[in-house]
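Everything on this sheet refers to the single structure shown next.
In this chain, residues are counted from 1 in sequence order. Please read these numbers as outputs of a predicted model, since none were measured by experiment.
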Amino acid sequence: QVQLAESGGGLVQTGGSLRLSCAASGFDFNTVSMGWFRQAPGQEREFVAAVSWLTKGTYFADSVKDRFTITRDNAQNTVLLQMDSVKPEETAVYYCAASRSSVRLTTSEFYDYWGQGTQVTVSS
């Protein structure tokens, strides 16, 4: 049974840091790309960051470049999203997702599995 379990969400002040974690099980973690998306109330789900299983390359939305970091630990079947210098407009539910693809990782349609999400609230 495929499971993606996010953790680490919560309340953080503007300019602060938060680290999200996603624990994966039920599939071969070494051959899936992992991504993070977010969805704010009343808005579409948007891409945040991803890491390719094939190239180990990382991808970021322009809005989070140089502030967010994504890393994967294949030994622990986890992917982390380090969020620094967070902004109030980044308040959203953050979702972990897994994709068998190694390309088009910024597109949600290319992801096969999704977690339930974790709430991140950035106070101003």
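Atom NZ of Lys65 sits about 9.5 Å away from atom CZ of Phe60, to the nearest 0.5 Å. Here the straight-line distance linking atom OG of Ser63 with atom CD of Glu46 works out to 5.5 Å at 0.5 Å rounding. For the atom pair OG1 of Thr69 and CG of Leu81, the computed distance is 8.0 Å after rounding to the nearest 0.5 Å.
The two residues Trp53 and Asn30 make their nearest non-hydrogen contact at CE3-O, 3.5 Å. Across all non-hydrogen atoms, the minimal contact from Cys22 to Trp36 is CB-CZ2, 3.7 Å. Contact record, Ser101 with Ser33: O-OG, 2.6 Å, taken as the closest heavy-atom pair. Taking every heavy atom of both residues into account, Phe37 and Leu105 meet most closely at CZ-O, 4.1 Å.
The residues Arg67 and Glu90 are annotated as salt-bridged, a charged nitrogen and a carboxylate oxygen being separated by less than 4.0 angstrom.
Scanning for side chain to side chain donor-acceptor pair (under 3.5 Å) contacts around Gln3 gives an empty result, with sequence neighbours left out.
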Name the atoms and distances for all side-chain donor-acceptor pairs under 3.5 Å in residues 4-17, with sequence neighbours left out.
unit_1, atom_1, unit_2, atom_2, d
Glu6, OE1, Gln116, N, 3.2
Glu6, OE1, Gly117, N, 3.0
Glu6, OE2, Cys96, N, 2.8
Glu6, OE2, Gly117, N, 3.1
Thr14, OG1, Ser123, O, 2.6
Ser17, OG, Asp84, OD1, 2.7

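One hydrophobic cluster, built from ILVMFWY side chains closer than 4.5 Å, holds both Val122 and Met83.
Judged as a salt bridge (Lys or Arg N to Asp or Glu O under 4.0 Å), not a single pair has a partner in residues 18-31 (not counting sequence neighbours).
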